[in-house]
Number of protein chains: 2
Amino acid sequence: MRILIADCSVDYEGRLSAHLPEATRLIMVKADGCVAIHADGGAYKPLNWMNAPNTLIEEEGRWIVTNPKGEQLTITLHEVHSETRHELGQDPGLEKDGVEAQLQKLLAERVDVLEEGLTLVRREYPTTIGPVDLLCRSSDGGAVAVEIKRKGGIDGVEQLTRYLDFLRRDTRFESVRGMFVALDITPQARALASDRDIEWQEVDYDELRGIESDHLKLF
Amino acid sequence: MRILIADCSVDYEGRLSAHLPEATRLIMVKADGCVAIHADGGAYKPLNWMNAPNTLIEEEGRWIVTNPKGEQLTITLHEVHSETRHELGQDPGLEKDGVEAQLQKLLAERVDVLEEGLTLVRREYPTTIGPVDLLCRSSDGGAVAVEIKRKGGIDGVEQLTRYLDFLRRDTRFESVRGMFVALDITPQARALASDRDIEWQEVDYDELRGIESDHLKLF
DNA sequence: AGTTCCATGTCGCGG
DNA sequence: CCGCGACGTGGAACT
């Protein structure tokens, strides 16, 4: 990601025509090429923007952003106050609706629901390519990486496979099993998981919540 | 404006529950107090945000943003890579020409697109209950009142009907036809218009823009 | 303040 | 790729 603080004026020609007079603003260029121009207020919506995909041509004191639909954003840079670049990497993404996060939380508290004798090592165990939802230890001492999804599709199995690749290179672990857990798992995902010796398991959300509240009542 | 680049995890509790696992992200705090958390891709919309007004409490390694509606955003800062502040000042704001206004303008310049031989009398022709978008004259000399909408619904037909009532009481007009024009017209609006002998017509915005630019090229 | 409608809406899902 | 609906829609105009 690239961040500029600059005095600039902006023109947009596309679905409508718009113009921004000269002022100091923040210009954000993301890794996917999208551009956003922010003022120091007014919620999260930028004053002007161009979504990916688009091409950015940098001339002296002028940026021209064009997209395949023929929309064009022209940024005239009068003075650049600062310019920085940062490597952010891929984002694991938002867990929405609370369902996935809630599910992860519930299961983290009761991993033995998934397998007798299973204990939690860490939630969101970090790897170089992102955090594993749950890292556990089975009763025989082996590690178990658990990937949790609301809807279990092929992509989830692929994700868990990548984590397993990395975890298995870590010499601290004797062995690492993979477990794919979701409210619903598609037949394709089941087949792929089985083929890769990844266990899969469907869980019932209401039942889990019930187990949790029973658990709370007991103690 | 304050810009942080940091490894963080985020929890939002409010209109829904959402969670962001740990990753490197940009955190933007604007002068009005609104907060936005951006990944390095995915258009201009942040992963998570809190609009002004809200209060920001900074603890060690944890920010808690609360708004009067009781929504809460918790940012756990695992590692801050960079933090900068910039004075941007007040923004003069965006000058734009919106779609509906643009549509009216385009059609005003080329009313013959709607009907052969049609000529413009006036844009925003005033009546006691409000201005008619376009008042035109057809090749046979009769008046034509045009109502333009982006999305043509029943309410638009009702509006045009009221204008026609008033225009038809005006003795200066022999006769007044009504024409309802929109990018899309709902089936209900079409039926109502037809029932009241109001012509309706869907127009294509891009095509109109095309006609306009062709027109400009010719002269 | 509540309501309705527009938006360079954005975004995700299904066909 | 495209149509359709939901959105923490946001925002403005109007009642």
Side-chain angles (χ1 to χ4, degrees), chain A residues 10-20 30 32 34-39 41-54 65-74 91 93-101 149-151 153-155 184 186 188, chain B residues 10-20 30 32 34-39 41-54 65-74 93-104 129-131 147-156 158-159 182-184 186 189 205-206 209:
Chain A
V10 183
D11 284 279
Y12 167 76
E13 283 293 331
R15 280 177 267 186
L16 56 70
S17 305
H19 172 72
L20 278 175
K30 292 188 178 183
D32 61 1
C34 71
V35 180
I37 297 150
H38 283 268
Y44 66 72
K45 196 177 181 180
L47 295 162
N48 250 318
W49 70 91
M50 283 282 277
N51 285 350
N54 54 43
V65 189
T66 320
N67 79 2
K69 276 179 278 182
E71 297 169 62
Q72 186 169 310
L73 189 73
T74 309
D91 201 281
L94 185 66
E95 292 154 17
K96 234 175 172 180
D97 238 329
V99 174
E100 184 164 335
K149 283 270 175 280
R150 192 163 65 92
K151 291 179 75 172
I154 290 226
D155 49 348
D184 293 289
T186 65
Q188 296 90 338
Chain B
V10 183
D11 285 280
Y12 166 77
E13 285 293 331
R15 279 178 263 186
L16 57 70
S17 305
H19 171 74
L20 279 175
K30 292 188 178 182
D32 60 2
C34 71
V35 180
I37 297 151
H38 283 269
Y44 68 71
K45 197 176 182 182
L47 294 163
N48 251 317
W49 70 92
M50 283 283 276
N51 285 350
N54 54 43
V65 190
T66 319
N67 79 1
K69 277 179 276 181
E71 298 169 62
Q72 187 169 307
L73 190 73
T74 309
L94 185 67
E95 294 154 18
K96 69 175 169 182
D97 218 350
V99 172
E100 193 157 332
Q102 201 75 17
L103 196 57
Q104 197 192 104
I129 51 162
E147 178 62 33
I148 300 166
K149 283 269 176 281
R150 187 173 171 276
K151 290 182 77 171
I154 290 235
D155 50 346
E158 292 291 3
Q159 197 179 338
L183 298 183
D184 292 288
T186 64
Y205 186 54
D206 294 329
R209 290 178 61 90

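Hydrogens, waters and symmetry mates play no part in the numbers below; they use all other heavy atoms, side chains included. A, B, ... follow the sequence lines: proteins, then strands. Residue 1 opens every chain.
The minimum heavy-atom distance between A/Val10 and A/Leu73, with the atom names listed, is CG1-CD1, 3.7 Å.
If you measure from atom CD of B/Gln72 to atom P of D/dG8, you get 18 Å, rounded to the nearest angstrom. For the pair A/Leu94 CG and D/dT9 P, the interatomic distance rounds to 14 Å; values are reported in whole Å. For the pair B/Leu47 CG and C/dT10 P, the interatomic distance rounds to 16 Å; values are reported in whole Å. Remark: P of C/dC5 and CG of B/Leu183 are 17 Å apart, rounded to the nearest angstrom. Taking atom CD1 on B/Ile148 and atom C1' on C/dC6, their separation rounds to 16 Å, with Å as the unit.
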Scan the side chains in residues 41-52 of chain B for donor-acceptor partners under 3.5 Å anywhere in the protein, sequence neighbours excluded, and list what turns up.
none

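One C1' atom belongs to C/dA7, the other to D/dA6, and the distance between them is 15 Å to the nearest Å. With P as the reference atom, D/dG8 and D/dC4 are 22 Å apart, rounded to whole Å. The P atoms of C/dT8 and C/dT4 are separated by 22 Å, rounded to the nearest whole Å.
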For nucleotides 10-14 of chain D, give me every protein contact, N/O to N/O, under 3.5 Å, one pair per line with atom names.
residue : atom : partner : partner atom : Å
D/dG10  : OP1  : B/Arg15 : NH2          : 3.2
D/dG10  : OP2  : B/Arg15 : NH1          : 3.4

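Taking the side-chain hydrogen bond (donor to acceptor under 3.5 Å, both in side chains) definition, one finds that B/Asn54 meets it with nothing, sequence neighbours left out. Taking the salt bridge (charged side-chain N to carboxylate O under 4.0 Å, His left out) definition, one finds that A/Asp91 meets it with B/Arg25, sequence neighbours left out. A/Gln188 is linked by a side-chain hydrogen bond (donor to acceptor under 3.5 Å, both in side chains) to nothing, counting only residues two or more places apart in sequence or in another chain. Partners of B/Lys149 according to the salt bridge (charged side-chain N to carboxylate O under 4.0 Å, His left out) rule, which considers only residues two or more places apart in sequence or in another chain, are B/Glu147.
The side chain of B/Arg150 places no N or O atom within less than 4.0 Å of a non-bridging phosphate oxygen (OP1 or OP2) of C/dC5.
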